[in-house]
Trainee: 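Dropping a structure here in structure tokens format, bear with me for questions.
Each ligand, and each atom within it, is numbered from 1 in the order the structure gives.
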Amino acid sequence: MNETTAVYPGSFDPLTRGHEDIIRRGLRLVDRLVVAVAETATQGKDSLFSIPEREDLIRTVFREEPRVEVTSFSGLLVDFARERGARLILRGLRAVSDFEYEFQMVGMNRSLNDDVEMVFLMADAKNQAIASKLVKEIARLGGDIEGFVPPMVAEALLERFRDARENHRKARTPR
Ligand code: ADP
């Protein structure tokens with residue numbers, strides 16, 4: 001078998017149209033794409049969805065694409081890529097701000113494992129500015145997020161913040 005596999009790592013909290021765009025572009029380049037939700041980098045306090053929830057959302061959005069596999073990983077990305085037999089690591093580039101960080105990642109990853117090549121793609125102009133962090137903020141404030149995330153993810157966000165609002169309301173209601 002001579003299949004090309006790429007790993008696309010990220011926090012995906014949650015998957016946006018930006019990520020979706022990069023995945024679809026990536027599929028034009030490789031036979032198999034492993035979307036890998038990073039466990040380590042995502043334990044920050046502002047994570048909204050659990051790792052399995054994020055995985056499920058990605059899986060549901062790409063349920064008709066057998067070439068996409070969704071999983072999570074911890075530890076070193078280059079080790080994970082090697083384990084999966086992936087020669088490429090896919091990343092998306094948004095703005096100059098992403099570049100600085102990615103530039104360092106390439107350097108460090110190369111010294112760890114020079115067999116894996118990092119590949120950078122840009123999303124369509126309309127999806128370039130989308131960031132999970134901002135989408136969560138907009139959803140939290142009750143704004144319209146339909147254009148930024150797949151419909152399934154929009155539903156999950158609505159639900160999550162509906163629950164949060166309910167709990168908030170209950171906590172404030174005197175018994
Ligand atoms: P974030 O939480 O910042 O939205 P992730 O860590 O989940 O991003 O991102 C995973 C990868 O997807 C990163 O390489 C990131 O640069 C890329 N990415 C995220 N959003 C976009 C977008 N709108 N356009 C292009 N690449 C993106």
Side-chain angles (χ1 to χ4, degrees), residues 5-30 32-62 65 68-78 80-81 84 86-110 112 116-141 143-154 156-157 160-161:
T5 301
V7 169
Y8 177 38
S11 35
F12 305 104
D13 183 36
L15 180 86
T16 66
R17 286 199 195 274
H19 298 128
E20 189 186 357
D21 188 315
I22 298 296
I23 293 172
R24 296 205 191 279
R25 279 170 208 281
L27 284 171
R28 294 183 188 162
L29 304 176
V30 297
R32 195 164 181 76
L33 194 60
V34 181
V35 181
V37 181
E39 286 176 14
T40 38
T42 53
Q43 277 158 3
K45 54 181 177 323
D46 53 355
S47 69
L48 183 66
F49 294 99
S50 70
I51 307 275
E53 284 171 335
R54 292 180 221 172
E55 286 182 62
D56 279 349
L57 283 171
I58 307 171
R59 242 176 240 124
T60 317
V61 170
F62 286 95
E65 180 46 82
V68 169
E69 184 194 328
V70 184
T71 186
S72 59
F73 78 103
S74 55
L76 277 179
L77 175 60
V78 283
F80 175 73
R84 300 308 309 256
R87 292 211 327 272
L88 303 177
I89 292 174
L90 187 64
R91 298 283 291 170
L93 270 189
R94 279 166 294 198
V96 188
S97 53
D98 276 346
F99 181 80
E100 187 74 39
Y101 175 71
E102 299 295 340
F103 183 75
Q104 281 192 315
M105 283 259 287
V106 172
M108 302 296 274
N109 281 340
R110 261 191 199 152
L112 293 167
V116 183
E117 203 59 60
M118 294 192 68
V119 174
F120 297 92
L121 297 177
M122 285 189 204
D124 186 86
K126 67 176 186 301
N127 293 325
Q128 266 174 27
I130 305 174
S132 297
K133 197 174 164 204
L134 297 176
V135 171
K136 283 185 275 191
E137 190 63 11
I138 296 169
R140 193 175 66 79
L141 298 171
D144 183 6
I145 42 152
E146 301 272 313
F148 307 135
V149 291
M152 227 100 59
V153 176
L157 278 164
R160 190 52 51 105
F161 287 111

Trainee: Within the 4.0 Å heavy-atom shell around I22, which atoms of ligand 1 are there?
Mentor: 25 (C), 26 (N)
Trainee: Going by an N to O cut-off under 4.0 Å, is there a salt bridge joining E117 and R110?
Mentor: yes
Trainee: Please check if the side chain of R140 supplies one atom and the backbone of F161 the other of a donor-acceptor pair under 3.5 Å.
Mentor: no
Trainee: For atom 4 (O) of ligand 1, what is the closest protein heavy atom, and at what distance to 0.1 Å?
Mentor: S132 N, 3.1 Å
Trainee: With a 4.0 Å cut-off on heavy atoms, does F120 reach ligand 1?
Mentor: no
Trainee: What atoms of ligand 1 come closer than 4.0 angstrom to any heavy atom of G18?
Mentor: 22 (C), 23 (N)
Trainee: Of the protein's non-hydrogen atoms, which lies at the shortest distance from atom 20 (N) of ligand 1, and what is that distance?
Mentor: R94 NH1, 3.3 Å
Trainee: Working to the nearest 0.5 Å, report the span between CZ of F80 and CD of E39.
Mentor: 10.0 Å
Trainee: Which protein heavy atom lies closest to atom 11 (C) of ligand 1, and at what distance to 0.1 Å?
Mentor: Y8 OH, 3.4 Å
Trainee: Between atom CD1 of I58 and atom CE of M152, what is the distance when rounded to the nearest 0.5 Å?
Mentor: 12.0 Å
Trainee: Heavy atoms only: which of A123, G92, P9 is nearest to atom 10 (C) of ligand 1?
Mentor: P9
Trainee: Look only at the side chain of R54 and the backbone of D13, and say whether a donor-acceptor pair between them is shorter than 3.5 Å.
Mentor: no
Trainee: Heavy-atom contacts with S11 under 4.0 Å: which atoms of ligand 1 show up? List them by number with element.
Mentor: 2 (O), 5 (P), 6 (O), 7 (O)
Trainee: Thinking salt bridges, do R25 and D21 make one under a 4.0 Å N-O criterion?
Mentor: yes
Trainee: Please work out whether any backbone atom (N, CA, C, O) or any side-chain heavy atom from C-beta onward of Q128 is under 4.0 Å from ligand 1, and answer side chain, backbone, both or neither.
Mentor: backbone
Trainee: Is any N or O atom of T16, backbone or side chain, closer than 3.5 Å to an N or O atom of ligand 1?
Mentor: no
Trainee: Does ligand 1 have an atom that lies less than 4.0 angstrom from a heavy atom of H19?
Mentor: yes
Trainee: Salt bridge between E20 and R24, side-chain N to carboxylate O under 4.0 Å?
Mentor: yes
Trainee: Please work out whether any backbone atom (N, CA, C, O) or any side-chain heavy atom from C-beta onward of D13 is under 4.0 Å from ligand 1, and answer side chain, backbone, both or neither.
Mentor: neither
Trainee: Only heavy atoms of F12, strictly under 4.0 Å: list the atoms of ligand 1 that pass.
Mentor: 7 (O)
Trainee: So, for G18 and I130, which heavy atoms are closest and what is the spacing to 0.1 Å?
Mentor: N-CD1, 4.2 Å
Trainee: For the side chain of R59 and the backbone of V70, is there at least one donor-acceptor N/O pair under 3.5 Å apart?
Mentor: yes
